[in-house]
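Accompanying notes for the structure given below.
No hydrogens, no waters, no symmetry mates; every other heavy atom, side chains included, goes into these values.
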Amino acid sequence: MYYWNRDNFEGLLSLAEALGAHAHFVHLAEYCANRERGLRRQAFDALERFLEEAEGWPADQARERVLAILELHRRAPEAHQFLTEPLHRRLLTPVLRSWEADGSATAEALRWLGILSRDLSFVERALEQAPDDVIARRYLVNACLSFADYAMHHLYESRFIGSTEDTRHALDRARTFLSSAPDAGPFADLANEHAGLEQMLDDWVEYKRSTSGSFADWCRARGRKYSWATAIYYGTPDKQDEGQRDET
């Protein structure tokens, strides 16, 4: 019934139920319910009513409720139509930024501000305040690993994007965040990913000293079993031969 977007719609339904249990979130629950039914205009009408009501919230209530909204979405991340641009611009971001500006922001508030703005400095400050914040620590480790993965995702073509120094720095930062975790358990998957990327980088550096054959062949000869990414290039054969390729 829901085709490829089924997880999003099911997430919206779960959010509508959770939000509807609170009187101050009724209109936001209506947004979710209408969006799930495909009633876009009615959904945004409900969202507008919610945002207008939120303008009258006292600061302490606004802060508490913004954190509640973000926590509910964390439990239903598949609902990608929930955190709309108006919700970001008119409620979530202004409340979190004003909270940070007055110097009283909690670790949770700093973490969410960093995630919403994609500013790692706020997430790092959150982790300094609360070293046991698994969400903040995973976010920072993932950011470092994503940087390294992007730099190396064309190595099967013997192409490195960026510099090995910057990639090494990102992996070193990831290791620091992993090793300083009070409990290593929640990060076992990221530790394994880190180890694989670090080994791949070490292999690339060693391979570059020889520059004999392709990196993929070099790895196979040494028993390295990496999961290579697949790239598909679109364009005419002539352009591809000239290195003018369109990558997706």
| request: Kindly indicate whether the side chain of I69, heavy atoms from C-beta on, has any atom under 4.5 Å from the side chain of L91. | output: yes
| message | Do L51 and L28 have side chains that approach each other closer than 4.5 Å (heavy atoms only, starting at C-beta)? | response | no
| said: Regarding H154 and E157, do their side chains bring together a donor and an acceptor under 3.5 Å, going by distance alone? | reply: yes
| task | Considering non-hydrogen atoms only, spot the tightest contact between L12 and A79 and give its length. | result | N-CB, 3.8 Å
| field | R37 side chain near F9 side chain, heavy-atom distance below 4.5 Å | value | no
| field | Non-hydrogen side-chain atoms of M152 and I161 separated by less than 4.5 Å | value | no
| note | When rounded to the nearest 0.5 Å, the distance separating CH2 of W204 from CZ of F160 is 7.5 Å
| task | Find the distance between OG (S117) and CG (L96) and round it off to the nearest 0.5 Å. | result | 9.0 Å
| field | Ion pair check, R90 and E48, cut-off under 4.0 Å | value | yes
| field | Side chains of L113 and D119 in contact at under 4.5 Å (non-hydrogen atoms) | value | no
| field | Nearest-0.5 Å distance, OH of residue Y156 to OG of residue S214 | value | 12.0 Å
| query | Of all heavy-atom pairs between L87 and L83, which one has the smallest distance, and what is that distance? | reply | CD2-CD2, 4.0 Å
| message | Tell me the closest heavy-atom pair linking G11 and A76, and the distance in Å. | response | O-CB, 4.2 Å
| N-O pairing of R209 and E206 below 4.0 Å | no
| message | Checking the side chain of D149 only, and the main-chain atoms of L145 only, is there a donor and an acceptor separated by less than 3.5 Å? | response | no
| field | Test item: S146 side-chain N/O and N142 main-chain N/O as donor-acceptor pair under 3.5 Å | value | yes
| message | Taking the side chain as everything from C-beta on, heavy atoms only, tell me whether R49 gets closer than 4.5 Å to E30. | response | yes
| Side chain to side chain, E124 and R173, heavy atoms closer than 4.5 Å | yes
| note | Minimal heavy-atom distance between L110 and F122, with the atoms involved, is O-CB, 3.5 Å
| query | L92 and I135: same hydrophobic cluster, using ILVMFWY side-chain contacts below 4.5 Å? | reply | yes
| Verdict with supporting geometry, L47 and H27, side-chain contact (heavy atoms from CB on, under 4.5 Å) | CA-CA 6 Å; L47 180 61; H27 291 313; over 6 Å; no
| query | Side chains of S158 and W218: does their closest heavy-atom pair fall under 4.5 Å? | reply | no
| said: Main chain of H80, side chain of N8: is a donor-acceptor contact present, judged purely on distance under 3.5 Å? | reply: yes
| request: Any pair with a residue in residues 211-227 that passes salt bridge (charged side-chain N to carboxylate O under 4.0 Å, His left out), sequence neighbours left out, goes on the list, sorted by first then second residue, please. | output: D203-R224, D217-R220
| said: Under the criterion salt bridge (Lys or Arg N to Asp or Glu O under 4.0 Å), I'd like the reasoning laid out for D189 against R138: C-alpha separation, chi angles, the key distance, then a yes or no. | reply: CA-CA 10 Å; D189 58 327; R138 284 189 66 90; 2.9 Å; yes
| Between atom NE2 of H194 and atom CG of L171, what is the distance when rounded to the nearest 0.5 Å? | 5.0 Å
| For the student: nearest non-hydrogen atoms of W112 and L67, plus distance | CD1-CD2, 3.9 Å
| said: Membership question, hydrophobic clusters at under 4.5 Å side-chain separation (ILVMFWY): are W57 and L70 in the same one? | reply: yes
| Given R137 and F187, is the side-chain contact (heavy atoms from CB on, under 4.5 Å) satisfied, shown in steps? | CA-CA 9 Å; R137 192 176 296 274; F187 309 97; 3.4 Å; yes
| message | Can you confirm whether Q199 is buried at CD, in the sense that more than 12 heavy atoms of other residues, nucleotides or ligands lie under 6.0 Å from that atom? | response | yes
| said: Let me check something: do F177 and F147 share a hydrophobic cluster, defined by ILVMFWY side-chain heavy atoms less than 4.5 Å apart, either directly or through other members? | reply: no
| query | Would the number of heavy atoms belonging to other residues, nucleotides or ligands and lying under 6.0 Å from CD of E17 be above 12? | reply | no
| Minimum heavy-atom distance A29-L19, with the two atoms named | CB-CB, 3.8 Å
| field | side-chain contact (heavy atoms from CB on, under 4.5 Å) evaluation trace for S104 with R63 | value | CA-CA 11 Å; S104 65; R63 293 172 179 182; 3.6 Å; yes
| field | NZ/NE/NH1/NH2 to OD/OE distance under 4.0 Å, D172 and R168 | value | no
| said: Nearest 0.5 angstrom please: E78 CD to S14 OG, how far? | reply: 6.0 Å
| query | Among F25, F50, F44, which residue meets the ring-ring contact (aromatic ring centres under 6.0 Å, His included) test with Y31? | reply | F44
| said: I'd like to know whether NE2 of H169 has more than 12 heavy-atom contacts from other residues, nucleotides or ligands below 6.0 angstrom. | reply: no
| Atom pair CD/CG of Q81 and L15 - distance to nearest 0.5 Å | 11.5 Å
| Passes salt bridge (Lys or Arg N to Asp or Glu O under 4.0 Å), R97 versus E100? Steps please. | CA-CA 5 Å; R97 286 201 178 278; E100 187 277 333; 6.0 Å; no
| said: Determine whether a donor-acceptor pair (N or O, by modelled atom type, separation under 3.5 Å) exists between the side chain of R65 and the backbone of D60. | reply: no
| said: For a side-chain contact (heavy atoms from CB on, under 4.5 Å) check, start with the C-alpha distance between L155 and Y226, then their side-chain angles and the critical distance, and finish with the verdict. | reply: CA-CA 10 Å; L155 286 190; Y226 295 122; over 6 Å; no
